[in-house]
Structure formats: C-alpha cells, structure tokens
Amino acid sequence: MTINTQNDSTADIIEYALRLGDDSLILGHRLSEWASNGPFLEEDIALGNVALDYLGRARMYYTYAAELSGEGKTEDDYAYLRDERDFSNHLLNELPKGDFAYTIVRQLFIDVFNALYLPLLQQSADENLAAIASKSIKETRYHLRRSQDWCIRLGDGTEESHQRMQKSLGELWGYVHELFEQDALEDRLIEQDIAVDSSGLKDKWLAQITETLNKATLAVPDAEWAVRGGRKGYHTEHLGHLLSVMQSVHRRYPGAKW
Amino acid sequence: MTINTQNDSTADIIEYALRLGDDSLILGHRLSEWASNGPFLEEDIALGNVALDYLGRARMYYTYAAELSGEGKTEDDYAYLRDERDFSNHLLNELPKGDFAYTIVRQLFIDVFNALYLPLLQQSADENLAAIASKSIKETRYHLRRSQDWCIRLGDGTEESHQRMQKSLGELWGYVHELFEQDALEDRLIEQDIAVDSSGLKDKWLAQITETLNKATLAVPDAEWAVRGGRKGYHTEHLGHLLSVMQSVHRRYPGAKW
Amino acid sequence: MSTNEQSLETTFQNKIDSELKIEPKDWMPDAYRKNLVRQISQHAHSEVIGEQPEGNWITRAPSLRRKAVLLAKVQDEAGHGLYLYSAAETLGVSRAEMIEALQTGKAKYASIFNYPTQTWGDIGAIGWLVDGAAICNQVSLQRTSYGPYARSMIRICKEESFHQRQGYQIMIELAKGTPEQKQLAQDSLNRFYWPSLMMFGPHDSESAHSAKSMKWKIKRETNDDLRQKFIDQTVPQIEFLGLEHPDKALKWNEKRGHYDSGEIDWEEFYNVINGNGHCNRQRIEHHVKAHEEGAWVRDAQNAYNAKVKQRQAQAVA
Amino acid sequence: MSTNEQSLETTFQNKIDSELKIEPKDWMPDAYRKNLVRQISQHAHSEVIGEQPEGNWITRAPSLRRKAVLLAKVQDEAGHGLYLYSAAETLGVSRAEMIEALQTGKAKYASIFNYPTQTWGDIGAIGWLVDGAAICNQVSLQRTSYGPYARSMIRICKEESFHQRQGYQIMIELAKGTPEQKQLAQDSLNRFYWPSLMMFGPHDSESAHSAKSMKWKIKRETNDDLRQKFIDQTVPQIEFLGLEHPDKALKWNEKRGHYDSGEIDWEEFYNVINGNGHCNRQRIEHHVKAHEEGAWVRDAQNAYNAKVKQRQAQAVA
C-alpha cells in the first residue's frame with residue numbers, strides 16, 4: 001500500500017472512505033427504524049439484518065478512515081461528532097423510511113447499484129477498501145434478491161400495492177442520478193485505481209432496474225428531475241433531524257465511554 | 001419577600017417554579033409543532049399564539065428560579081441543560097401533539113385547570129409567582145374560550161369530528177389525575193401560602209369540563225385508569241425524543257451565546 | 001375593443017398615471033386583474049410555504065428567546081398569507097381556488113423556499129437576506145396601483161423589517177461568537193446569498209411580465225434596479241459581520257455609484273424553479289398533507305355553523 | 001369423564017411423571033392445552049412487545065458498537081416471538097388469532113414492558129435484570145413437559161444469556177465511567193429492580209395457575225423459588241458494579257442460605273397490570289398501528305402467491 005504514504009492521497013482516501021461510510025450509516029439508521037414496525041415479524045427480522053449489514057460496513061469504513069487519519073480517532077468520532085454539513089452520504093439514503101413500498105424501492109435502487117459497485121471496489125488498489133468490498137458483496141447479493149422479490153410481489157400483488165410501488169418509484173427517481181456522478185476527488189482516486197468509476201455503471205443499472213420493474217408490471221419513471229448535493233454536505237431537511245436524534249446521547253456526555 | 005431568606009423555602013420555591021416552568025415549556029413546545037400544520041391559516045396563527053404564551057410563562061418561571069438560585073444560571077440552563085429525569089412537568093403536557101381533536105381536548109383540560117389555578121397562584125405569598133400568575137390569567141381566559149368553542153364545534157360538528165373528540169377524551173382522561181395531586185414539597189409551600197393547593201380544585205374542574213362536554217354532546221369518560229409520575233421525573237417515552245430534538249443545537253455548542 | 005371599453009381603459013390608465021389607487025369595485029382591464037391575482041396569490045403562497053423552512057427550526061432553536069422570536073415570525077408569515085389571500089379575494093378569486101392552484105402546481109411560490117434550512121445559521125441568513133430582498137421588493141410595492149395590495153404591503157413591510165433585523169441579530173451573535181459559530185454564519189451566507197439575488201427574478205431583458213406591470217404600476221421598479229439596491233445595501237452588512245463576501249467578482253463602480261457584481265448562475269435558478277431543488281416536492285407534499293389532515297376540522301366547523309343557523313331559524317319561526 | 005378419557009389422562013400423567021415430553025400429536029387434556037396456549041402465547045407476545053422499549057433507543061445508542069448490539073438484540077426478540085408463535089401453533093391456534101387476542105387485550109404480555117425506557121441506562125438494566133429474570137424462568141422451562149415449548153426454550157435461553165451479558169456490560173461501562181454515567185446506572189437499577197422481581201408473578205400462595213402447572217410440569221419451579229434465585233444472584237452483581245442496592249431491607253439469612261428481602265409493592269404490580277403503567281396503551285397502539293400499516297403488504301403477498309399458483313396450474317393444464 002504505497003499510496004498511503006503519499007499525504008494527498010491519504011486525505012482523499014479518508015474522505016472517500018467517509019463517503020462510503022456515511023452512505024452505509026445513514027441507510028442503516030433508516031432501516032433500523034423499522035424495528036417493531038414491519039408488516040410481520042419475519043420482516044422485522046429481515047430488515048434488521050439488512051440494517052446490521054449496513055451498520056457493519058459503516059464501522060469498517062470509519063475505522064479505516066480513523067486509522068489513516070492517524071489522529072487517534074475512532075469510528076464513533078465520525079458518526080457522532082460531525083455535523084450535518086460534514087456528512088457526505090447520497091441524499092437517497094437520508095430520506096425518511098416512508099411506507100414499506102418506499103423502503104423496498106430505495107433498497108432495490110441501492111442494491112442494484114451496490115451489486116455493480118462493490119465488485120469493482122473489490123479490485124481497488126487500496127487493499128483495505130477492497131477487503132471491505134469483499135465482505136460486503138455476499139450480503140448485497142442477498143439484499144438484492146430480497147429487494148427484487150419484494151418488488152415483484154408488490155408490483156404484481158394487489159392494485160393498492162402496485163400503486164404504492166409506482167408512487168414510490170416516482171418519488172425516489174430524481175435521487176438516483178447522483179449515485180453515478182463524481183467530483184475531482186474521486187476522479188483523482190479513480191486515476192490511481194483506488195475509487196470506483198460509477199459513471200459507467202448507469203446503463204447497466206438502468207437495464208437491471210428495468211428488467212425487474214418489467215417483471216413487477218411497474219413502469220420505469222421517465223421524469224427528468226434530479227436532486228443532488230449529498231457528497232458536498234448539501235442535504236435535505238431530513239438528515240438534520242436524524243442526526244439530532246442519533247447523536248443526542250453521545251454528545252450529551254462528552255468524552256464518556258460506552 | 002422574607003421567605004426567600006430562608007434557605008429551605010428557597011430550594012422548594014425554585015423546584016416549584018421549575019415545575020410550573022416545565023409544564024409551560026413542554027406544552028408550548030408541543031403546540032409549536034403545529035406551525036404550518038394547522039387545518040387552516042387562522043389556526044396556525046392561533047395555535048402559535050397559545051404556544052407563545054406558554055413559552056413566555058416558561059421563561060418567567062425559569063428566570064425567577066435562576067434568580068433565586070443565585071448561581072448565575074439563566075432560563076436556558078433549565079431548558080437546555082437538564083435531562084429527562086430532571087424535568088418535572090405533568091405527563092399530560094408531553095404527550096405528542098396528535099390530531100387537532102387531541103390537541104383541543106388537552107387544551108380544554110389544561111385551560112380549565114389553569115383558569116382555576118392561576119387566580120389562586122395570584123394570591124401567593126411569593127410576589128414573583130403572584131406576578132407571573134397575574135400576567136397569565138388574561139391569556140388563559142382567551143385560551144379557555146377558544147378550547148371551549150372548538151370543543152363544542154367539533155363535538156357537535158360531524159360524526160367524524162364527534163368520534164375523534166370522544167376518542168381523544170378517552171385517551172387523555174387518565175393523565176388528568178396527577179394535576180390535582182401534591183407531594184411533601186408542595187405541601188410545605190401550601191402551608192406558607194406560596195403554592196396552590198390544587199387537590200381542592202378537582203370537583204370544580206370536573207363540573208366545568210362536564211358542562212362543556214354536555215354542550216358539545218360528548219360523554220365524560222368514566223374510565224378508572226390513572227397514570228402519574230411527571231413531578232418525579234418519571235416520564236413517558238415521548239419526552240426523551242422531544243428533548244433530544246429541542247436541546248440538540250444548544251448542547252452541540254457548549255457555552256455559546258445565541 | 002368597444003368605444004366604451006376604450007374610454008374605461010383611458011380613465012383607468014389616467015387614474016394610474018395620477019397615482020390614484022384602483023379599488024375592488026373600479027373597472028379594470030381583465031389582464032390587469034389576472035396579472036394582479038397571479039402576483040398577489042404567488043406572494044401569499046410564498047408566505048405560507050415560507051412557514052416550512054423556518055418552522056423546521058422552531059423545535060431546535062438554541063435559546064428560549066430565539067425560539068419565541070422564530071415562532072412569532074413564522075406566525076407572522078401565516079398572518080401575511082392571510083392578508084394577501086384577502087387582498088386577492090377582492091379580485092374575485094377564492095382562497096380555496098388559490099390553494100388548489102398552489103397544490104396542483106398551477107400557481108407558484110418564491111423558489112427560495114425550495115432551498116433547505118440545514119443549520120441554525122440559515123435562520124439568521126433567511127431573516128437577513130431573504131426577508132431583506134423581499135423588503136426591497138415590498139417597499140416599492142407599497143406604492144403599487146391596486147389599493148388593497150398596497151395597503152397589505154404597508155402592513156407587511158413593517159413586520160418584515162422587524163424580521164430582517166432579527167435575522168441580522170442572529171448573524172451578529174454568530175459572527176461575533178465562537179469560531180464554530182462564525183463558521184455557521186459564513187456557511188449560511190454562502191448558501192443563501194446567490195439565491196437571494198435570484199429572488200428579484202430574471203434580468204429585465206428576460207422578464208416576461210415586466211413591461212405591462214410597469215405601465216400599470218403594479219410593479220414600480222424593475223428587477224435589476226431592485227436587485228442592485230439589495231446588492232449595495234448588503235455589502236456593508238457583510239463587512240460589519242466580518243464575513244467573506246460570497247461574490248468574488250464584486251467591485252465598487254465609482255462611475256455608476258453602485259457595486260458591479262458577478263453573474264448569477266441562472267442555470268441553477270431555472271433548475272430549482274423547474275423542480276430540482278431539494279425541497280420542491282417536500283413543500284407541496286407538506287402543504288397537501290396538512291390541508292388534508294385538516295379537512296375534517298373544516299367540515300366540522302361548517303356543519304356546526306349550519307346547525308347553529310338552523311337552530312336560530314327554528315327559534316325565530 | 002369417560003373411562004377412555006380417564007385412561008388417556010393416566011397415560012398422559014404417567015408420561016409426564018417419567019419426564020417424557022408431550023408432543024403435538026399426543027393426546028392431552030383440554031386444560032393442559034389451554035394452559036399452554038395461554039402461557040406460550042403470552043411469552044411470544046412479551047418478546048414482540050419487548051421490541052418496543054428497547055427499540056426506543058436504537059436510534060440514540062451512544063456508540064456504533066452498542067447500536068449494532070442493541071439492534072441485533074431487538075431482532076433476536078422478534079425471532080423468539082417467531083419460535084414461540086410456532087410452538088403455540090402446534091397446539092392448534094393460529095398466529096393471527098394470537099395477535100388478535102393481544103390487540104384486543106384478551107391475551108397478556110409481560111407487564112415489565114409497560115415501564116418506559118427513559119435513559120440509555122435502562123437498556124443496560126433491562127438486559128441485565130429483565131433478561132436475567134426471564135432466564136431464571138426460562139432455564140427451568142427448558143425442562144417443561146411440552147416438547148416444542150421446551151425446545152424453543154433451549155434455543156432462546158442461549159441467546160438470552162448473551163443478551164444478559166451484554167446488558168451487564170453496559171452497566172459496567174456506566175458504573176465504571178464518569179460520575180454522571182454512574183448516576184445513570186444507579187437510576188436505572190432503582191427503577192428496574194423491583195419490577196424485575198415482579199416478573200416472577202405473585203407469591204405462590206396467590207398464584208392462580210401454579211398448582212396445576214406444577215403437576216403437569218408446565219412450570220418446573222415455583223414463582224417464589226425462582227424469584228429467590230434471582231435475588232440471590234443479583235446481590236454480588238450489584239456489589240461488583242459498586243452501586244447501592246435498591247432494597248434497603250435486604251439481609252443475608254444464614255439459616256436459609258438465601259437473602260431475605262423487603263416486600264414487593266404489590267399494589268404497584270397490579271396497578272401496572274391493570275392499565276396504569278406509563279406504556280400500556282402505547283404498546284398496544286403501536287402494535288396495532290404497525291399491523292394495520294402492514295395489512296396491504298400481507299394482502300399483496302397473498303394475492304401474488306395466489307397468482308403464481310394459478311399461473312402454475314394453467315401452465316400444467
């Protein structure tokens with residue numbers, strides 16, 4: 001890992017790891033809100049599993065960032081002591097949990113994305129990022145099967161479930177575009193074979209989503225709107241409320257160990 | 001105000017002022033959640049007015065407690081730097097805002113109570129508490145007229161509004177009992193003519209509530225349940241969430257001025 | 001156009017030219033009425049939707065004083081909405097119709113409210129910059145030709161200046177506070193400065209409604225003139241706060257007696273207007289949700305009022 | 001009772017007396033079946049309702065590690081609910097019927113979950129004390145006479161001991177932490193100690209179901225014996241934490257080889273059971289709400305499954 005000896009790259013990698021960590025933490029947090037709220041017990045358990053997987057990834061990414069920073073930081077410093085403007089997750093992850101259809105559509109979008117993204121991250125020149133990707137790929141395959149199955153069941157279920165799915169597709173569509181966009185920092189890391197170039201994944205992503213939606217008798221939205229800004233800390237008003245709850249106890253007792 | 005020179009009484013009065021302040025702050029906070037959520041603009045404004053009145057009372061009670069404490073405290077220390085277990089508001093005030101019927105029923109219960117309580121507090125041997133009560137009585141008369149009017153309109157409105165009101169009455173009834181209960185601290189202050197003896201107010205309260213509900217074609221609940229504990233800091237799970245939001249920014253920047 | 005209409009229109013324009021107010025019962029051209037309904041209702045909707053981004057921080061305001069001030073401000077906005085709906089109603093459109101137009105996207109509201117409030121600093125920046133920009137506009141509208149609108153504006157302007165001072169006070173506390181607080185102030189200034197300039201609308205050369213509105217004195221000053229006023233007044237305010245000006249191209253032009261400034265990112269402006277702001281959907285959904293949740297209350301009130309009327313009628317009979 | 005039934009009942013009781021398990025297809029007295037359904041479903045409901053007080057802190061857990069552990073624990077509880085519903089279903093009652101009984105108040109759940117979780121310390125105290133008390137009970141139920149229930153208990157006990165250790169770990173961190181953290185620990189201990197003792201139910205002399213349950217070996221130890229075990233094991237744990245014991249009357253009784261303890265406030269016990277706990281209404285309302293919000297999902301799943309069946313049938317035909 002010669003790259004880590006270069007200071008500039010290190011700062012970039014820390015930031016990149018935090019981005020991926022933030023995506024995981026915030027989505028995991030939203031999924032965890034389903035505890036005791038699922039449509040039946042099996043789903044309380046399954047959604048809890050997915051939430052745990054994302055929480056686990058967040059911890060790995062943050063821990064790696066903390067190691068690189070060499071400032072004695074811990075995973076918790078990143079989760080609990082940064083502000084809304086410091087979080088760099090994609091907006092899609094921070095939107096409220098919504099109803100079950102909304103949660104399933106978001107998961108489908110993200111699972112298809114991760115199923116394309118993680119195998120490339122597994123090839124990263126950064127061994128640590130590659131290792132995290134390796135651990136996550138299997139989980140994502142399971143998540144994806146679940147999302148696809150649910151999408152088909154709900155799309156091709158009752159009229160109500162079909163409508164709810166179609167509505168959620170419409171509401172979430174504008175948030176997918178930023179998944180495939182990169183800034184200068186990621187461009188630098190792509191050049192070093194560290195970060196994944198996701199701009200090339202959009203066609204494949206759309207093809208797979210289309211296939212699943214077709215099976216589910218659902219229409220692919222054609223709306224043109226796009227909202228972006230997560231990577232720059234430019235968030236919707238939902239994230240602030242999530243953080244004020246999430247960080248409340250930790251911030252209340254500065255320096256305490258748990 | 002000779003009483004304030006006695007140390008024991010001072011501690012009691014501080015605690016008593018905090019109790020009244022907590023009742024006001026927490027209820028005001030709940031009412032403030034109606035901003036932009038009312039059934040029409042006039043109600044956004046009216047509910048905002050009531051919220052502001054309660055917020056104003058909280059500030060007066062806290063400021064008085066801070067003065068008595070002589071520790072350089074401010075109103076904000078009490079609002080922002082105490083924990084759930086330190087808050088001593090009656091549980092009725094902390095319950096979520098619910099629908100409009102729920103909010104109106106709670107207000108009716110509390111406005112009738114305050115319309116009986118404040119005139120007695122105005123007679124307090126503690127001039128400061130008496131002065132706060134004086135300022136509040138006029139507001140409460142306006143609040144009470146509003147609550148009674150709405151109660152009658154909604155009770156005697158449509159079948160849906162009648163049912164919603166009756167349901168809210170049932171859900172809130174068990175929380176009124178602790179309004180009329182006192183502990184040793186308040187007993188001591190009652191003996192010194194400082195605190196109000198609310199135990200004697202229940203019959204009048206019930207008579208007035210009954211009168212309004214009769215006009216509203218609503219039934220007085222006869223349920224026997226009673227939940228209590230607010231004065232001891234023994235709260236429902238709703239208060240913690242309210243506080244984690246309310247205190248988030250203040251606690252985030254320790255020592256900052258706003 | 002008939003001779004009669006021509007003469008009516010002449011009288012109408014003369015009145016306007018002599019700085020007399022047009023009142024609800026006066027004759028007015030259809031296009032004047034339409035233009036006004038559009039503008040006043042858009043203004044009303046802006047006040048109402050404006051409750052949301054600021055309301056977002058009522059429960060988190062960092063001191064009780066600020067909480068009370070913010071709550072009162074949001075309440076004032078609801079009040080402004082009310083005056084303005086009433087002013088528009090004098091032109092023959094009902095509040096229900098206007099709300100329907102808002103919820104279906106036919107009527108607009110100020111695009112600034114599609115930007116999210118992310119920090120407490122944003123509450124300061126909105127009061128200072130957004131209300132400040134609104135005031136520049138509204139001060140000139142106190143002399144607008146339609147009486148009820150002009151009178152609403154006089155009332156609203158007083159409260160808005162108050163709000164602006166409160167917003168600036170928040171900024172002062174932040175800018176003179178801890179380094180972290182100052183950072184909050186700078187960040188909010190950076191995010192809200194340009195959108196505030198956009199509030200004045202497109203350049204005069206691009207503005208669809210401007211010429212006619214000027215002739216009818218619905219508008220009294222052009223977008224660019226008002227914007228220039230705002231730019232000029234904001235410079236010393238930023239200096240006083242000790243913050244960096246977000247416009248790096250800003251420069252005093254001795255000859256014009258004004259500041260020259262960098263170009264606005266109009267692509268972003270149209271982007272947000274066209275639905276790509278963070279909050280476009282959220283704002284309307286929130287409004288629809290509150291409105292729908294309140295339907296049973298409005299129904300109950302109507303039902304009760306009808307009952308009372310009936311009872312009174314029976315008592316008389 | 002017919003001769004046949006008598007002989008069946010004798011065989012049944014002999015089986016139990018010889019420590020053989022009763023299995024779903026075996027003959028069993030109606031009262032045994034009813035008693036078991038009541039107990040197992042109550043146990044299942046307790047696991048499910050137990051998701052709520054702990055779930056209340058998932059979003060606020062003070063470290064990522066604790067968040068993950070808590071989330072996994074709440075998930076385990078849902079899992080325990082599942083095993084137990086399945087065990088009860090072997091007795092001829094459906095999950096839907098049991099849920100209905102819970103929601104209408106016909107079936108009970110452990111009253112401990114009507115106490116609110118007010119602080120993070122409560123998550124420690126619940127894991128340590130509530131799960132600890134539950135384990136005392138469940139360990140003895142591993143030998144209960146009904147096979148499916150006994151096997152569920154074996155599986156559940158393993159996970160519960162894990163949960164108890166995790167809860168105690170939270171308490172250790174708090175008790176050995178800052179003074180404020182230690183205060184959290186003491187406060188949670190104070191609030192949850194007595195309710196944990198109440199979990200074992202009324203004194204044996206007052207217990208309605210005990211005698212029969214003991215004879216049928218549904219219960220293997222009495223309420224008071226299990227409670228004594230728990231009291232005894234908790235004393236050194238409190239000492240290790242360096243916290244004050246909430247029972248001021250607690251005293252070692254050399255002769256009995258057990259701790260004597262103060263009397264439980266049974267008035268509070270019945271008070272909470274009878275609906276005066278902070279959360280009785282909230283817990284059921286929450287359950288009903290989640291269940292109702294999920295109705296369309298369950299319907300959709302059924303509709304989809306029916307479609308698939310129909311398509312398969314058509315493909316075959």
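The shown structure was predicted, so the numbers you read here are calculated from the model rather than taken from an experiment. Atoms considered below: every heavy atom in the structure, side chains included; atoms not considered: hydrogens, waters and symmetry mates. First the proteins, then the strands, lettered A, B, ... as listed; each starts at 1.
Contact of D/V48 with chain A is made through the side chain alone, with heavy-atom distances under 4.5 Å. For A/A101, the parts lying under 4.5 angstrom from a heavy atom of chain D are both the backbone and the side chain. Using a 4.5 Å cut-off between heavy atoms, D/K67 touches chain A through backbone and side chain atoms alike. Residue contact with chain A, scored on non-hydrogen atoms closer than 4.5 Å, is absent for D/L70. Of the atoms belonging to A/R164, it is side-chain heavy atoms, and not backbone ones, that fall under 4.5 Å from chain D. Of the two parts of A/Y253, only the side chain, counted from C-beta on, holds a non-hydrogen atom closer than 4.5 Å to a non-hydrogen atom of chain D. Residue contact with chain A, scored on non-hydrogen atoms closer than 4.5 Å, involves the side chain of D/H286 exclusively. At a 4.5 Å heavy-atom cutoff, the contact between D/L174 and chain A is made by side-chain atoms alone. When heavy atoms are compared at a cutoff of 4.5 Å, D/I170 does not approach chain A at all. The contact between A/A35 and chain D is made by backbone and side chain atoms together, counting heavy-atom distances below 4.5 Å.
Annotation for D/K176: atom NZ counts as buried by contact number, over 12 foreign heavy atoms lying within 6.0 Å. For A/K167, the NZ atom counts as loosely surrounded, since its 6.0 Å shell holds 12 or fewer non-hydrogen atoms of other residues, nucleotides or ligands. More than 12 heavy atoms of other residues, nucleotides or ligands shown are found within 6.0 angstrom of CD on D/Q314. Few gaps surround OH on A/Y80; more than 12 heavy atoms of other groups in view lie less than 6.0 Å from it.
Residues A/D44 and D/Q75 have side chains that never bring a donor and an acceptor to within less than 3.5 angstrom of each other. Under the 3.5 Å distance criterion, with hydrogens and angles disregarded, no donor-acceptor pair is assigned to the side chains of A/H29 and D/T59.
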side-chain contact (heavy atoms from CB on, under 4.5 Å) between D/Y85 and A/L41, intermediate numbers included:
CA-CA 10 Å; D/Y85 281 134; A/L41 274 183; 3.7 Å; yes

Could you walk me through whether A/W150 and D/Q301 pass side-chain contact (heavy atoms from CB on, under 4.5 Å), step by step?
CA-CA 9 Å; A/W150 267 120; D/Q301 192 168 30; 3.9 Å; yes

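Between chain A and the residues D/G55, D/A68, D/G294, the most heavy-atom pairs under 4.5 angstrom are made by D/A68. Your options are A/N37, A/V249, A/I45, and the one with the most heavy-atom pairs under 4.5 Å with chain D is A/I45. Comparing A/L47, A/I152, A/I104, A/L242 by how many heavy-atom pairs each has under 4.5 Å with chain D, the most go to A/I152. When each of D/A290, D/A300, D/P62 is checked for heavy-atom pairs under 4.5 Å with chain A, D/P62 comes out on top. Here D/A78 is the residue among D/A78, D/G124, D/A295 with the most heavy-atom pairs under 4.5 Å with chain A.
One N or O on the side chain of D/R66 and one on the backbone of A/W258 form a donor-acceptor pair closer than 3.5 Å. Checking side-chain atoms of D/K307 against main-chain N and O of A/G157 turns up a donor-acceptor pair under 3.5 Å. Put simply, the side chain of A/D76 gets close to the backbone of D/L64: a donor and an acceptor are under 3.5 Å apart.
For A/A51 against D/L71, the heavy-atom pair with the smallest separation is CB-CD2, 3.7 Å. For A/S36 against D/Q52, the heavy-atom pair with the smallest separation is OG-CG, 4.0 Å. Shown here for D/I58 and A/S32, the closest heavy-atom pair between the two residues is CG2-OG, 3.6 Å.
With respect to D/R95 and A/E42, a salt bridge is recorded, a charged nitrogen being found less than 4.0 Å from a carboxylate O. Ion pairing of A/R252 with D/E180 is present here, as a side-chain N (NZ or NE/NH1/NH2) and a carboxylate O approach within less than 4.0 Å. With respect to the salt-bridge test (charged N to carboxylate O, under 4.0 angstrom), the residues D/R311 and A/D156 qualify.
Put simply, the side chain of D/Y304 does not reach to within 4.5 Å of the side chain of A/T158, judged on heavy atoms. Using a 4.5 Å heavy-atom threshold, the side chains of D/R60 and A/M246 count as separate.
Rounded to the nearest 0.5 angstrom, A/K257 NZ and D/S63 OG are separated by 12.0 Å.
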